[in-house]
Amino acid sequence: DAVLLAVDPSKDVDGFHPLNAGRLVAGAPRFIPCTPSGIMRLLRETDVTLSGANAVVLGRSRIVGLPVATLLTHQNATVTLCHSRTVDLPSHVRRADIVVAAVGRPGLVRGDWLRPGAVVIDVGINRVPDASRKSGYRLTGDVQFATVAPLCAKITPVPGGVGPMTVAM
């Protein structure tokens, strides 16, 4: 927090300074954090209807969860923000037209949690041990891709989904 406060808000291109976070909530952003901006761009470019959609955001970080929940709200989605203390997380996810998973827990979201036809944005970048890889690990998301993908209208892969959008934004 001390470092964020030391950054000049006019140069805070990540949009993390409290003044910039407040501007985002107020609907007058100076800068939009890159990952949430990339997520919104993915949704727009793939013609996902946001207005009236039920969106569930898993994770309440200042980097992804809170800003993307705010951006979805500004597009007239009905947003449920879930976190580590949310009771009966699967029931919230089952009601969602759009799921944004940004919690940092590999494979948290399973196919039996999902409503068929949902759009799933997997923001998780988790390194899990994999002895078959030269690096000793592989990257995986917060979503169990194999069980979730067959049920989705659209889904982002990990790696190769939201990460490149973050860089582009």
Next on the checklist: List the residues meeting side-chain hydrogen bond (donor to acceptor under 3.5 Å, both in side chains) with Ser132, not counting sequence neighbours, and say none if there are none.
Outcome noted: Asp130
Item to check | ILVMFWY clustering at 4.5 Å (side-chain atoms), partners of Val158 | outcome: Ile125, Tyr137, Leu139
Checklist outcome for this item: Separation between CG (Leu4) and NE2 (His17), nearest 0.5 Å, reads 7.5 Å
Checklist outcome for this item: Hits for side-chain hydrogen bond (donor to acceptor under 3.5 Å, both in side chains) against Asn54, two or more places apart or cross-chain, chain-then-number order -> none
Checklist outcome for this item: Here the gap from Leu81 atom CG to Arg60 atom CZ, rounded to the nearest 0.5 Å, amounts to 8.0 Å
Next on the checklist: Assigning hydrophobic clusters by single linkage (Ile, Leu, Val, Met, Phe, Trp, Tyr; side-chain heavy-atom cutoff under 4.5 Å), is Val7 placed with Ile63?
Outcome noted: no
Checklist entry - Residues sharing Phe31's hydrophobic cluster, by side-chain heavy-atom contacts under 4.5 Å among ILVMFWY, directly or via others? => result Val13
Next on the checklist: Tell me whether Gln75 contacts the main-chain N or O of Ser51 through its side chain, where contact means a donor paired with an acceptor under 3.5 Å.
Outcome noted: no
Checklist entry - So Met40 and Leu72, side chain to side chain contact (heavy atoms under 4.5 Å, CB included) or not? Walk me through it. => result CA-CA 8 Å; Met40 297 304 290; Leu72 287 164; 3.9 Å; yes
Checklist entry - Nearest 0.5 Å, what's the CG-OG distance between Asn20 and Ser10? => result 8.5 Å
Next on the checklist: Less than 4.5 Å apart, side chain to side chain, heavy atoms only: is that true for Thr140 and Arg138?
Outcome noted: yes
Next on the checklist: Before you tell me yes or no, could you show the steps for Leu42 and Val48 under side chain to side chain contact (heavy atoms under 4.5 Å, CB included), namely the whole-Å CA-CA distance, both residues' side-chain angles and the distance that decides it to 0.1 Å?
Outcome noted: CA-CA 9 Å; Leu42 278 169; Val48 174; over 6 Å; no
Checklist outcome for this item: With sequence neighbours left out, the residues meeting salt bridge (Lys or Arg N to Asp or Glu O under 4.0 Å) with Arg105 are none
Checklist outcome for this item: Heavy atoms of Leu71 and Ser37 approach each other most closely as CD1-N, 4.4 Å
Checklist entry - Should Leu24 and Pro67 count as side-chain neighbours, where that means a heavy-atom distance under 4.5 Å? => result yes
Item to check | Non-neighbouring partners of Asp97 that pass salt bridge (Lys or Arg N to Asp or Glu O under 4.0 Å), sequence neighbours left out | outcome: Arg115
Next on the checklist: For Pro18 versus Leu5, what's the shortest heavy-atom pair and its separation?
Outcome noted: CG-CD2, 3.8 Å
Item to check | Any donor-acceptor pair under 3.5 Å from Asn126 side chain to Gly141 backbone | outcome: yes
Checklist outcome for this item: Rounded to the nearest 0.5 Å, the CG atom of Leu19 sits from the CG atom of Asp12 at a distance of 9.5 Å
Next on the checklist: I'd like to check the side-chain hydrogen bond (donor to acceptor under 3.5 Å, both in side chains) partners of Arg95; sequence neighbours left out, ordered by chain and number.
Outcome noted: His92
Checklist entry - Looking only at heavy atoms, what is the nearest atom pair of Thr147 and Gly111, with distance? => result OG1-N, 3.0 Å
Item to check | Residues clustered with Val148, ILVMFWY side-chain links under 4.5 angstrom | outcome: Val56, Leu58, Leu89, Val93, Val99, Val103, Leu108, Val109, Trp113, Leu114, Val120, Val143, Phe145, Leu151, Ile155
Checklist entry - Please walk me through it: do Asp142 and Val123 pass side chain to side chain contact (heavy atoms under 4.5 Å, CB included)? => result CA-CA 7 Å; Asp142 291 348; Val123 186; 5.7 Å; no
Item to check | side chain to side chain contact (heavy atoms under 4.5 Å, CB included) between Thr78 and Thr73, intermediate numbers included | outcome: CA-CA 6 Å; Thr78 300; Thr73 300; over 6 Å; no
Checklist entry - Sequence neighbours excluded, which residues qualify as salt bridge (Lys or Arg N to Asp or Glu O under 4.0 Å) partners of Arg127? => result none
Next on the checklist: Under the salt bridge (charged side-chain N to carboxylate O under 4.0 Å, His left out) definition, can you give me all pairs with a residue in residues 155-169, not counting sequence neighbours?
Outcome noted: none
Checklist entry - Which atom names give the shortest non-hydrogen contact between Ala77 and Ala55, and what distance separates them? => result CB-CB, 4.4 Å
Checklist entry - Under the 3.5 angstrom rule, does the side chain of Arg94 hit a backbone N or O of Asp112 as a donor-acceptor pair? => result yes
Next on the checklist: Measuring from atom SG of Cys152 to atom CG of Asp122, what distance do you get when rounded to the nearest 0.5 angstrom?
Outcome noted: 10.0 Å
Checklist entry - With sequence neighbours excluded, what pairs up with Asp1 under the salt bridge (Lys or Arg N to Asp or Glu O under 4.0 Å) test? => result Arg62
Next on the checklist: Is the shortest side-chain heavy-atom distance between Pro9 and Arg30 below 4.5 Å?
Outcome noted: yes
Checklist entry - So, for Val25 and Thr70, which heavy atoms are closest and what is the spacing to 0.1 Å? => result CA-CG2, 3.8 Å
Checklist outcome for this item: Applying side-chain hydrogen bond (donor to acceptor under 3.5 Å, both in side chains) to Thr35 and not counting sequence neighbours gives Thr166
Item to check | Rounded distance (nearest 0.5 Å) linking atom CZ of Arg44 with atom CG of Leu50 | outcome: 8.5 Å
